[in-house]
Amino acid sequence: MSSSSDKNERAEKRSNLSQAEVTNRETASNEATAAMPELIKDRKQLVQFLKDGGRSGISLDFGKPSIEERPHQTAAKTDNAAESGRAKESESKGAWTSLTMDRQSLLEILKTGGKSGITGDFGKPLILDSSRPGDQTPADSIAAEHARSAQAVDSRVKIKTGADGRVEAVYEDNSVYSRMPTKDGGYVERHSGVRPDDTFVITKTADGRLLVSEREGEKPYQPVDDPAIKTERDRLSSLAAKHITDPEDYARFQANMARFEAREHELEESLRKQHPKLSAAEITKQAHEELRKTYANISSLLEAKDNPKVPLDGTKRAEIAEQVMRNAASPTLIDQGFHNTCNVAAVEVRSYARHPAAATQLVVDMATKGEYITKSGTHVTINRDAFQVHETDPYGKYNPPLPLGRGLASQIFEVTAVNIHYAKNNPNIHYEQVAADPTATPPHNGEQLVDYSGAKPKPVLGDDKLPIHSPALNGEQIADVSNEITGDQPKAGYIRWDKHPGNKVETISDEASFIKVLAEAKAKGELPVTIEVHTGNEPFYTDSGSGAAGGSGGWHVVNVTDFQPGPPPAVSVDNQWGPDADHTGKNQLSVQDLYFSMREPSDADRVTERLAALQKDLDADKAAGKSDFLKEIELNMLKYKTGKESFEDCERQIKQALTSAEKDWKAGNLSGKDYEATIYAFERTVQTLPVEDRFKLLRFEADTNLISKEDYEAMLVRTMVKARKDQQKAMLEGTFTEQQQDQYLKAIQDFHNNLRQLPASDQAAVKKSISEMLKA
């Protein structure tokens, strides 16, 4: 089984790339890495870097720390005539000058100040146009501020300035900020970054208006023409300019305000379907009130004073305001991070999509008052630790969170949402978010249910007598929480597979009833709707990185954001595991695939139904001259598990499917993403096999380089340890049969066959690891 880092690397290489493109990308990446200097970690290293001539045309005044970036005519004095000619030609066109270093070093320069090129004090760092010697007019202070932004992981940044007033900051992660002055006194700002919403263009016109578009050349968003909304828009924009001190963050805030107002038509369409008897004017009024209240809520968060009940200062409240605005603008960007909160994260997405005013009210009330009151009048509070992001979520510590991460605003929403249930039904139980403790036994993931009914708080235990580290909510309870927040939770707002009707949720028992419920939900304006799925099924097993995502490995919920009747019927699915786990656009799911994900993989009725559906689909593909390797692997695995096929036949068919998939990928007939999914399906197959069969396919993975040598050896260790512990447990319980003994001895033999193919030193290391794990 590949590690998460290996999987991410492999996915990056293969996703929608041909074999040739992968090779070219790896070569370019290696060359770029080799060409860049070592990261400069402190002022002393920076001085040495400049002293050694790390970049031509850079000098340092050691008496008064400064950096002067000399004009290109200096660099043009070279023995290479062609290079000299190019430099002179660039200079005549208003060439760029540039300096490359890491972000922290740039910040140090900005702190200490300088005489030319790059200068400024800590309060107002400036980047000067160094292509005009002696001219100390700032090209734009925003570029320097941008270098201080935590937009992504700390990395080197190249600052460029031009004689025509251009400024550009390019980071090592390919995030870009640039500003170009226009002749009429305005400017055009271009932004791009690692998050889906980082890319946008802001144009300031001669009359002072700010126009936002997603990409250059696209029609800008138009503000809603309503005096009440304009009043709140202007108020919020002014407050944001005062409290959001990083210009890049403020620019993103403005972009998200524009995106949010662009949702007006979406809100109106939903309301029109929900209330067909209301007039067009009444529908518009309701939609506009939703926008106005949302702006007013966020403004109140920025205006709020410190409250001893809430451990948040003005800086943190501004950060939360940015994230709330982002969530209201793009609800499907909300992620649960590495937490078991898919249930309330799905509620959060649905609330922001349908009732952004109610969603923002929850966060604002909790962040300013330390208390939230639900629609039924239930009072909810949360623990103080929940007001800070913990290292449980490495992506969530950035503002806004990186893809996969859960921001502080979402953490506050989700912890509050879980506690709505307990405050209403069992006030002695509190769901808390605290710092994780991976060294605890069992490891503590930072989530806990605590019982405060006694003299001392104590953890709530599950059926296994171990502390519960999750919200522990079922579908009926999730639907009730949603209704407490928005007052709008129809039965079809939460759908699960069940032969028995639900009280507050919609249940389906076959594919036809599922299609009917989805069609009605869309017709009535009830989308998005929450669907209960099992992550042991595709595509969610692959989406989870084979079980690595937060809350994966069992039941999970996602939101269906759109339904297309087909044929074949298809759905758009938003998953809280990051944008790569969403199934929208060209990556839509068939209703059939989503339907089969709604039961446990081993459910006997599901297996029988799935076998028939897979065979039917593959027969149709064969007749059309197509292949679906994922379905071929799944079909053969199900046949083996149900005794319809021997392991040898299953193994042969799966290996053949993998070999064909790799051949098609290299020939450009299969996308990198589909090839990656095929490999994940195979790896999942290996995990679900009996231990005596697992070693055979592990060897195949190693021989075909599907897993690294290190991962292969680690899997040998884990598989052998599991086999040994299972044997010991069965013997102690008196349930170890003669058949199990034969299987165990066969597993030992297969293990040693694999072990003998390793170098002697690796054999010793594997044996030592097994011994240590068995003793632990």
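Values reported hereafter were calculated over all heavy atoms of this structure, with side chains retained and with hydrogens, waters and symmetry mates removed.
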Between Thr360 and Asn297, do the side chains contain a donor N or O and an acceptor N or O under 3.5 Å apart? yes
Go through the steps to decide whether Lys725 and Leu774 satisfy the test side-chain contact (heavy atoms from CB on, under 4.5 Å), and finish with yes or no. CA-CA 8 Å; Lys725 287 187 174 181; Leu774 287 173; 4.1 Å; yes
Evaluation steps, side-chain contact (heavy atoms from CB on, under 4.5 Å), between Thr381 and Lys309: CA-CA 10 Å; Thr381 59; Lys309 294 181 180 179; over 6 Å; no
Phe338 side chain reached by Asn445 side chain, heavy atoms, under 4.5 Å: no
Between the side chain of Arg195 and the main-chain N/O of Pro400, is any donor-acceptor distance below 3.5 Å? yes
Taking it one step at a time, do Lys293 and Glu232 satisfy salt bridge (Lys or Arg N to Asp or Glu O under 4.0 Å)? CA-CA 8 Å; Lys293 283 184 178 179; Glu232 289 296 346; over 6 Å; no
Does any N or O in the side chain of Asn587 come within less than 3.5 Å of the main-chain N or O of Asp582, such that one atom is a donor and the other an acceptor? yes
Considering residues at least two apart in sequence or located in another chain, which fulfil the side chain to side chain contact (heavy atoms under 4.5 Å, CB included) criterion with Lys424? Thr378, Asp480, Glu484
Asp580 side chain reached by Pro403 side chain, heavy atoms, under 4.5 Å: no
Side chains of Trp577 and Thr535, heavy atoms from C-beta outward: is any pair under 4.5 Å? yes
Validation row: Glu447, Thr341 side chains within 4.5 angstrom (heavy atoms): yes
Check the side chains of Gln489 and Arg350 for a donor-acceptor pair under 3.5 angstrom, ignoring hydrogens and angles. yes
Search all heavy atoms of Gln388 against all heavy atoms of Gln411 and return the closest pair with its distance. O-NE2, 2.8 Å
Give, for atom CG of Asn419 and atom CD1 of Ile382, the distance between the pair rounded to the nearest 0.5 Å. 7.5 Å
Arg317 side-chain N/O to Val364 backbone N/O, donor-acceptor pair under 3.5 Å: no
pair Phe200-Arg259: side-chain heavy atoms closer than 4.5 Å: yes
Using 0.5 Å steps for rounding, measure from the CG atom of Leu589 to the NE2 atom of His583. 5.0 Å
Evaluate side-chain contact (heavy atoms from CB on, under 4.5 Å) for Ile478 paired with Val344, printing each intermediate quantity in order. CA-CA 7 Å; Ile478 296 167; Val344 283; 5.9 Å; no
Determine the interplanar angle of the His444 and His469 rings, folded into 0 to 90°, and report it as parallel if under 30°, tilted if 30 to 60°, perpendicular if over 60°. tilted
Identified side chain to side chain donor-acceptor pair (under 3.5 Å) counterpart of Glu414 within the set His339, Gln336, Arg406: Arg406
Taking Thr368's backbone N and O only, do any of them form a donor-acceptor pair with Asn307's side chain (distance below 3.5 Å, no angle check)? yes
Aromatic rings Phe260 and Tyr295: how do their planes relate, parallel, tilted or perpendicular, breaks at 30° and 60°? perpendicular
Could you tell me which non-hydrogen atom of Asn575 sits nearest to which non-hydrogen atom of Asp335, and how far apart they are? O-OD1, 4.0 Å
Expected output: side-chain His243 to main-chain Leu302 donor-acceptor under 3.5 Å: yes
Interatomic distance, CG@Asn340 vs NE2@His556, rounded to 0.5 Å, equals 11.0 Å
Could you tell me whether a side-chain N or O of Asp365 sits under 3.5 Å from a main-chain N or O of Glu371, the two making a donor and an acceptor? no
Mind checking ring-ring contact (aromatic ring centres under 6.0 Å, His included) for Tyr352 and listing every partner two or more places apart, or none if nothing turns up? none
Is there a donor-acceptor contact under 3.5 Å from the side chain of Glu322 to the main chain of Asn399? no
Using side-chain heavy atoms (C-beta onward) and a distance below 4.5 Å, is Val533 in contact with Leu594? yes
Quick check for you: to the nearest 0.5 Å, what is the distance between Tyr422 atom OH and Leu473 atom CG? 5.0 Å
Value rounded to 0.5 Å, distance of CG in Asp249 from CD1 in Ile244: 7.0 Å
Just so I know, are the side chains of Pro601 and His534 near enough to count as touching, which here means a heavy-atom distance under 4.5 Å? yes
Just by distance, with hydrogens left out, do Asn559 and Thr561 show a side-chain donor and acceptor under 3.5 Å apart? no
Between Gly396 and Pro401 the two heavy atoms that sit nearest each other are CA-CB, 4.1 Å
Would you say the side-chain atoms of Ser482 pair up with the backbone N or O of Ala479, donor to acceptor, closer than 3.5 Å? no
Drop me the distance from His191's NE2 to Ile202's CD1, to the nearest 0.5 angstrom. 4.5 Å
Met366 and Phe413: side-chain contact (heavy atoms from CB on, under 4.5 Å), yes or no, with the steps? CA-CA 8 Å; Met366 193 58 77; Phe413 184 104; over 6 Å; no
Verify, without hydrogens or angle tests, whether Glu476 (side chain) and Lys504 (backbone) share a donor-acceptor contact under 3.5 angstrom. yes
Determine, step by step, whether Glu290 and Arg263 satisfy the salt bridge (Lys or Arg N to Asp or Glu O under 4.0 Å) criterion, reporting the C-alpha distance in whole Å, the side-chain angles of both residues, the deciding distance to 0.1 Å, and the verdict. CA-CA 11 Å; Glu290 197 73 39; Arg263 293 189 54 213; over 6 Å; no
What are the two closest non-hydrogen atoms of Thr294 and Ala357, and how far apart are they? OG1-N, 3.2 Å
Do Val481 and Gln477 make a side-chain contact, defined as non-hydrogen atoms from C-beta onward lying under 4.5 Å apart? no
Keeping His430 on the side-chain end and Glu432 on the backbone end, is there a donor-acceptor pair under 3.5 Å? no
Would Asp488 and Thr486 satisfy side chain to side chain donor-acceptor pair (under 3.5 Å), going step by step from the backbone distance to the final call? CA-CA 5 Å; Asp488 166 36; Thr486 66; 5.1 Å; no
Do you know which two heavy atoms are closest between Val560 and Ile531, and how far apart they sit? CG2-CG1, 3.5 Å
Taking atom types as modelled, find out whether His390 and Gln433 have a side-chain donor-acceptor pair closer than 3.5 angstrom. no
Heavy-atom nearest pair, Tyr431 first then Asn383, reads O-OD1, 4.3 Å
